[in-house]
Amino acid sequence: SSPFAAALERICRGHSGSLQAFRLTPMGGIFSSGLAAPAELRETAVRGFTKTFGSEIQPTALGVAPGRAEVLGNHTDYNEGFILAAAIDRYVVIAGRRTGDGTSRCRVASEGFPGSVVAFDAGVAETEWPEQKQSGGDAWANYVIGVVSELRKLGAKLGGFEAFVASNVPPGAGVSSSAAVEMATAKLLARLFPEDVGTYGQLTLVKAAKAAENNFVGMGCGILDQFSSGMGRSGSLIYLDCRTLDYSYVPFSGAHFVLANTHAPHQLVDGKYDELRANCFSAKDIFRKESKNDNITHLRDVDKDLLEKHKSALSDDQHRRAHHIITENDRVQTGVEACKSGNMAALGECMSGSHVSSRDSFGNSCRELDIMQRCADGIAGHLGSRLMGGGFGGSTINLVREGFVDGFVAELSKRYEKETGIKPTVLVCSPGDGAFVEDLPAGAGGRWRVCS
């Protein structure tokens, strides 16, 4: 796994002694935090900050951002299609303060790497930023440094700051802990530097966070992760047009999401993700050429009729990838209408159809994901399930009716372990709010003020 995922795993184990603590049973219930991260996590971030940078130095603000759940819209974002997603009530919290020493020297630390502090300079010229990219055990800091780099490109004048990262977003589960770090960083810096970053709107920060992952970290993702983490709303799903960035909130009720981590390796900064992207873009080029239509810029612009008409010009891989993207966009539209009418069963059918398409057409499933998805079938309350995120490992997302969650978790865990010998980690979650910032009073005591 990546250094960042490994760091988060150590964080999670430090909070609970075991990653299995994220599996909520009838004893644990369902946590819904509203517009606030859990108090324990906020306190962990503040304590970590003072322990790292000195007890006489206090953080002044907390940047908070959630993980995300991709409900429908697998790999549609970089094809300028549609997605249906949610922020979830699991968070990255970053405690920080502006140094105010007249320099642009920055220091960041993570709960996952006790005793290690990564230093960089926020004031270097644009040509010098590649030299500040971290490697090995410090690579997690690239998600923070990359955001600073992108904000500088927007014209922000950033001085020195210190920050400490804490998280309860499960690592390697496909819920985009990296985007949560990026968005928490952006919100923290908006509070620490109100005269510059603080003038940017939430969407500008979302775009900067995405650019950080693309340009600095080196992951060619679309905007799904950062947008969901930044723009979520409790009790609602986000319907996003990835071309125009127009979005709306879709009501969600009568069910919960159960995220089931297969514990198959989940690492996307490699050739598999890039290969899928390349198939999509090369297929688009063929449709554009064969139809003599310069308005085709992404697979978003191709429908089923055009796919059928020009399939002979495509390789098998190009055809299957294009088929998935085109039909997935249709499933998003159907899923949105299902939510609006309160038809959770229809939403579940779309989710299961998405998994079949990912498995058979897009090629981003794996043995463990297929087993987990199949094990869910027939369990009381189960409405549908699919792989989530980039694929090739990580988690399935299951739609389960209210009142059936506890029994579903127990039975799914039993079935999966029996078939694979692996104990799954199962997370029950609900749609939560997007990234925000909390002001800390002197000494981090008293009431904390939550800001947008």
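One is the number of the first residue; the rest follow in order along the sequence.
Separating the CG atom in Asp317 from the OG atom in Ser361 is a distance of 11.0 Å, to the nearest 0.5 Å.
If you run side-chain contact (heavy atoms from CB on, under 4.5 Å) between Phe257 and each of Leu427, Asn398, Leu237, only Leu237 comes through.
Judged purely by atom type and a 3.5 angstrom limit, Ser354 has no side-chain atom pairing as donor or acceptor with the backbone of Cys350. A distance-only check finds no donor-acceptor pair linking the side chain of Arg233 to the backbone of Gly432 [under 3.5 Å]. For Tyr143 (side chain) and Val217 (main-chain N/O), no donor-acceptor pair under 3.5 Å exists by modelled atom type. Remark: side-chain polar atoms of Ser236 are not paired, donor with acceptor, to backbone N or O of Tyr249 under 3.5 angstrom. A distance-only check finds no donor-acceptor pair linking the side chain of Ser229 to the backbone of Gln226 [under 3.5 Å].
Ion pairing of Arg300 with Glu80 is absent here, as no side-chain N (NZ or NE/NH1/NH2) approaches a carboxylate O to less than 4.0 Å. Ion pairing of Asp439 with Arg191 is present here, as a side-chain N (NZ or NE/NH1/NH2) and a carboxylate O approach within less than 4.0 Å. Ion pair Arg386/Glu70 flagged as a salt bridge, since at least one NZ, NE, NH1 or NH2 atom sits closer than 4.0 Å to an Asp/Glu carboxylate oxygen. A salt bridge between Lys210 and Asp225 is absent, with no side-chain N of the basic residue lying under 4.0 Å from a carboxylate O of the acidic one. A salt bridge links Glu328 with Arg331: at least one charged nitrogen is closer than 4.0 Å to a carboxylate oxygen.
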Point to revise | Full working for salt bridge (Lys or Arg N to Asp or Glu O under 4.0 Å) between Glu308 and Lys304 | key: CA-CA 6 Å; Glu308 180 63 25; Lys304 292 178 182 177; over 6 Å; no
Practice item. Tell me, with the steps shown, if Arg42 and Glu438 meet salt bridge (Lys or Arg N to Asp or Glu O under 4.0 Å). Key: CA-CA 10 Å; Arg42 301 197 302 266; Glu438 296 184 36; 3.5 Å; yes
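For the pair Arg277 and Tyr78, the distance from NZ or CZ to the six-membered ring centre is under 6.0 Å and the angle to the ring normal is within 45 degrees. A cation-pi arrangement is absent between Arg98 and Phe161 under the rule of less than 6.0 angstrom and at most 45 degrees off the ring axis.
Side-chain contact check for Asn79 and Asn329: no donor-acceptor pair (N or O, by modelled atom type) lies under 3.5 Å. Counted by atom type alone, Gln202 and Lys187 present one or more donor-acceptor pairs between their side chains at under 3.5 Å. Residues Thr425 and His263 have side chains that bring a donor and an acceptor to within less than 3.5 angstrom of each other.
Heavy-atom neighbours of Lys153 NZ from other residues, nucleotides or ligands within 6.0 Å: above the threshold of 12. Heavy-atom neighbours of Phe281 CZ from other residues, nucleotides or ligands within 6.0 Å: above the threshold of 12. Within 6.0 Å of CD in Glu195 there are more than 12 heavy atoms belonging to other residues, nucleotides or ligands. Applying the 6.0 Å contact sphere to NE2 of His323 captures no more than 12 heavy atoms from other residues, nucleotides or ligands.
Using bins of under 30°, 30° to 60° and over 60° for the plane-to-plane angle, the ring pair His75/Phe362 lands in the tilted bin. Between Trp129 and Phe216, the ring planes are perpendicular. Angles over 60° get that label, and only those under 30° would be called parallel.
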